[in-house]
Amino acid sequence: MSQRSQRKEEHLALAKMFFNSNKTNDFNHIHLIRPALPESAVSENSIVTEMFGKKISAPFFINAMTGGSTSSYTINKRLAQAAAKENIPMALGSASILEKEVDQIKSFKIARQENPDGLVFANVNPTTNPKTAKEIVGALDANALQIHLNSVQEAVMPEGDRDFHWLDNLKAIREVVDVPIIIKEVGMGIDPESLRTLLINDFSIIDLGGSGGTNFAQIENERRKNQKLMFLEDIGLSTVKTLLAARTIPVNKTIIAAGGITNALDVFKSLVLGAKYVGIANYFLQFASQDLDSLIVAIQNLKYELSLLTALFGIDNIAEADEIKYYLDIDLYNFTKQIYN
């Protein structure tokens, strides 16, 4: 097994090991105002939405996890089968390994093979050669391309990059790729200034990738043999804070919430705060690592619970979630006052 494939295997194992569904995050510091007289009824049709021209059964999707190793083939097969059955999109893990190891493509292509009609997103790193990025999109028959921003992970990764001049290459990739591009963080959050820079440069679909879920600084520190960089594990912005900050920027944009989302209420609160879609990774990985049936049930339960919340809060369509009123605990309130000013 190559060093790159071995790293993929280690990432999967450590992500599963560090997963904590009860981990506290800022979602518990935002409180929604529920109508006692909702005048609504539970219907899964209330959460049906559209993404990239296709109708999907819910506004959440399987976010990028893996690819490029033996274990990832099995995981991606199950994820794709569940995505096809439940009609939700699926993002693949970073395919940048294919620049050096083309033979690893089967662990990525399995997603389209198992889900021929659904939404599948390819994923590359911000230094990927634009020509290679285009080839990856074509080879995987992807509907969109995620480009992940992971400077903290790279800094902690023993073999990681140390040059973070990325914007010009992001624009170069966009010039040659003919599918929508999603810029995504991998768990440290996109701050308001970086979000403005992306929007000014016409990147309008942004996955905020806040902290609270998989911590790649923690994972890479576990892989380091010397000079642990533990202080980098806690320098991110939570998913809730990235969403609150994004609301201060009055520019047309499509916001995706991700990072530490493990239940329907987190999904719902993300939509209330302005996200159009929600990406979920490690929570689904826990079920995908068991068997397909467990994963499908987890998705079905999440859909039902989200439709239940939609009815309880008196809206007929999930698109109306951002009209729901809320209040913040003191830390979030202080954050918004400082960001807004």
Side-chain angles (χ1 to χ4, degrees), residues 1-2 4-17 19 51-52 54 56 60-125 128 132-133 135-148 150 179 182 184 186-187 207 209 213-214 216 219 256 258 279-299 302:
M1 184 183 295
S2 71
R4 297 179 190 87
S5 289
Q6 179 62 36
R7 184 169 69 235
K8 299 276 189 178
E9 296 280 292
E10 290 171 357
H11 284 171
L12 268 177
L14 290 169
K16 287 169 58 181
M17 182 178 77
F19 176 75
M51 190 177 198
F52 302 135
K54 290 196 174 189
I56 55 176
F60 61 80
F61 65 95
I62 298 168
N63 215 346
M65 279 184 249
T66 192
S69 69
T70 302
S71 296
S72 61
Y73 175 89
T74 302
I75 296 296
N76 280 339
K77 182 176 182 178
R78 287 177 186 164
L79 291 171
Q81 289 171 333
K85 185 177 187 306
E86 293 303 316
N87 188 25
I88 61 171
M90 172 187 171
L92 288 156
S94 175
S96 297
I97 189 175
L98 299 179
E99 279 194 286
K100 305 291 185 181
E101 300 181 38
V102 181
D103 61 317
Q104 295 291 348
I105 196 168
K106 66 179 183 178
S107 64
F108 298 95
K109 291 187 78 169
I110 187 63
R112 179 54 78 195
Q113 292 165 7
E114 295 293 335
N115 189 7
D117 301 316
L119 288 174
V120 174
F121 310 152
N123 181 308
V124 297
N125 70 45
T128 303
T132 302
E135 291 170 350
I136 287 171
V137 168
L140 303 184
D141 191 18
N143 303 97
L145 175 65
Q146 292 180 329
I147 307 177
H148 64 262
N150 65 333
V179 296
I182 303 167
K184 75 180 299 289
V186 301
D207 182 334
T214 302
F216 277 99
I219 285 174
I256 298 169
I280 303 171
N282 206 341
Y283 175 74
F284 286 148
L285 175 62
Q286 304 307 306
F287 298 99
S289 299
Q290 299 173 33
D291 55 65
L292 177 60
D293 289 342
S294 297
L295 176 60
I296 289 172
V297 169
I299 294 171
L302 199 59

Is there a donor-acceptor pair closer than 3.5 Å between any side-chain N or O of Ser294 and the backbone N or O of Gln290? no
Return the orientation label for the Phe121 and Phe52 ring planes: parallel under 30°, perpendicular over 60°, tilted otherwise. perpendicular
For Leu145 against Ala133, the heavy-atom pair lying closest together: CD2-CB, 4.4 Å
Pairwise side-chain contact, Ile147 with Ile182, heavy-atom cut-off 4.5 Å (strictly under): no
Between the CD atom in Gln113 and the CG atom in Asn76, the distance rounded to the nearest 0.5 Å is 11.0 Å
Would you check if there is a donor-acceptor pair between the side chains of Asn125 and Ser94 at a distance under 3.5 Å? no
Say whether Thr214 and Asn282, considering side chains only, have a donor N or O and an acceptor N or O under 3.5 Å apart. yes
Find out whether Val137 and Glu135 are in side-chain contact, i.e. whether some heavy atom of one side chain is under 4.5 Å from a heavy atom of the other. no
Find the distance between CG (Asn143) and CE (Met90) and round it off to the nearest 0.5 Å. 12.5 Å
Could you check whether any side-chain heavy atom of Phe60 comes within less than 4.5 Å of a side-chain heavy atom of Ile299, counting everything from C-beta outward? yes
Compare all side-chain heavy atoms of Gln81 with those of Lys77 and state whether any distance is below 4.5 angstrom. yes
So do the side chains of Ile62 and Pro89 get within less than 4.5 Å of each other, counting heavy atoms only? no
Side-chain contact, heavy-atom cut-off 4.5 Å: Arg78 with Phe287? no
Nearest heavy atoms of Gln146 and Ala64, plus distance in Å: OE1-CB, 3.4 Å
At what distance, to the nearest 0.5 angstrom, does CZ of Phe108 lie from CG of Asn123? 8.5 Å
Starting from the C-alpha separation in whole Å, work towards a yes-or-no answer on side-chain contact (heavy atoms from CB on, under 4.5 Å) for Ile110 and Thr74. CA-CA 9 Å; Ile110 187 63; Thr74 302; over 6 Å; no
Hey, does Leu119 have a side-chain heavy atom less than 4.5 Å from the side chain of Met51? yes
Can you tell me if Lys106 has over 12 outside heavy atoms packed within less than 6.0 Å of its NZ? no
Say whether Asn63 and Asp207, considering side chains only, have a donor N or O and an acceptor N or O under 3.5 Å apart. yes
Asp117, Leu140, Val120 screened by side chain to side chain contact (heavy atoms under 4.5 Å, CB included) with Arg112, the one that passes: Val120
Let me know which of Ile136, Thr132, Asp103, Val124 forms a side chain to side chain contact (heavy atoms under 4.5 Å, CB included) with Leu98. Ile136
Hey, could you give me the CD1/CD1 distance between Ile105 and Ile97, rounded to the nearest 0.5 Å? 11.5 Å
How long is the gap from CG on Asn115 to CD on Glu86, to the nearest 0.5 Å? 11.5 Å
Before you tell me yes or no, could you show the steps for Leu295 and Phe284 under side-chain contact (heavy atoms from CB on, under 4.5 Å), namely the whole-Å CA-CA distance, both residues' side-chain angles and the distance that decides it to 0.1 Å? CA-CA 7 Å; Leu295 176 60; Phe284 286 148; 4.0 Å; yes
In short, Ala111 meets Leu92 closest at the heavy-atom pair CB-CD2, 3.8 Å
